[in-house]
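Worksheet for the structure shown next.
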Amino acid sequence: MPATAEAITATRCLIINGDSLTAIMPADPELALLFPRRLSARVRVLVERVDRLSTQPVLSRLAAFVLYRAERSSSSSFTLGMTQEELAEELGTVREVVVRGLARMRRDGLIATAGRGRFAVRDVAAIERVIGTA
C-alpha cells in the first residue's frame, strides 16, 4: 500500500526491498512473525470499520468520533483534528452531512462551540445514547 510521510526533523531512512527481506526472514523468526501480526491487526481494524460503516447511522458514528476526541483532549474543549471533509471521508459520508450532524448536536445541547474550530461536550450521556452505548 503506498504511503506518504514527511519528516519533521533530519532523518535517515533505509529502504529494504522484498527480496532482501525474504532472505533475512529465515534467520530471524521474530521478524518473520512481525508481518503477519501487523497484517492481522490491520485486517481487524478494517473489518471493524466496515462493520461500523454498514451498521451504524452517520450521526451515531459522528457522535462516537466527537466523544473519542473529547476524551483524548487535555482541555475542556477539543478540535476535530482534521477538516470536516476529511472527517466525512473517515465516517463514510459527505461534508454536508457532517456539518448538519454537528449543528444538530449543538442544537440538541450535546456539544457547544468553544471557539473557532473547537467544541465542548455538554452531555456525555446523551451522546452515548446517540451512539447506542447507553
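Just so it is clear, the structure is predicted and the values come from calculations on it, not from any experiment.
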Same cluster for V130 and V99 if Ile/Leu/Val/Met/Phe/Trp/Tyr side chains link at under 4.5 Å?
no

State whether the number of non-hydrogen atoms from other residues, nucleotides or ligands found under 6.0 Å of R72 atom CZ is greater than 12.
yes

If I take atom OG1 from residue T22 and atom CG from residue N17, how far apart are they, to the nearest 0.5 angstrom?
8.5 Å

Would you say that R37 contacts E30 through its side chain, given a criterion of any heavy-atom pair below 4.5 Å between the two side chains?
yes

Testing the basics here: between T11 and A7, what is the closest heavy-atom pair and its distance to 0.1 Å?
OG1-CB, 3.2 Å

Would you say the side-chain atoms of R106 pair up with the backbone N or O of T113, donor to acceptor, closer than 3.5 Å?
no

Neighbour count >12 (heavy atoms, 6.0 Å) for atom CZ, R118
yes

Scanning both residues in full, the closest heavy-atom pair of I131 with Q56 reads O-NE2, 3.8 Å

Step by step, would you call E85 with V98 a side-chain contact (heavy atoms from CB on, under 4.5 Å)?
CA-CA 8 Å; E85 184 72 34; V98 168; over 6 Å; no

Same hydrophobic cluster for Y68 and L91, using side-chain heavy-atom links shorter than 4.5 Å among ILVMFWY?
no

Straight-line distance of L62 CG to T93 OG1, nearest 0.5 Å:
9.5 Å

Give the minimum heavy-atom separation between G109 and D123, together with the two atoms involved.
O-CB, 3.9 Å

When every non-hydrogen atom of S77 is compared with those of A114, the smallest separation belongs to CB-CB, 3.8 Å

Look only at the side chain of S40 and the backbone of P36, and say whether a donor-acceptor pair between them is shorter than 3.5 Å.
yes

Same apolar cluster (I L V M F W Y, side chains within < 4.5 Å links), L110/V97:
no

Is a side-chain N or O of R122 found less than 3.5 angstrom from the main chain of A112, in a donor-acceptor match?
no

Provide the closest heavy-atom pair for T79 versus R69 in the form atom of the first, atom of the second, distance.
O-NE, 3.0 Å

What's the separation between atom CG in L87 and atom CG in L102, rounded to the nearest 0.5 Å?
7.0 Å

L14 with F35, same ILVMFWY side-chain cluster at under 4.5 Å
yes

In the single-linkage hydrophobic clustering (I, L, V, M, F, W, Y; side-chain heavy atoms under 4.5 Å), do L39 and L33 co-cluster?
no

Euclidean distance, M105 CE relative to L59 CG, rounded to 0.5 Å
6.5 Å

L31 vs L34 side-chain heavy atoms within contact, under 4.5 Å
yes

F119 and V66: side-chain contact (heavy atoms from CB on, under 4.5 Å), yes or no, with the steps?
CA-CA 9 Å; F119 302 92; V66 163; 6.0 Å; no

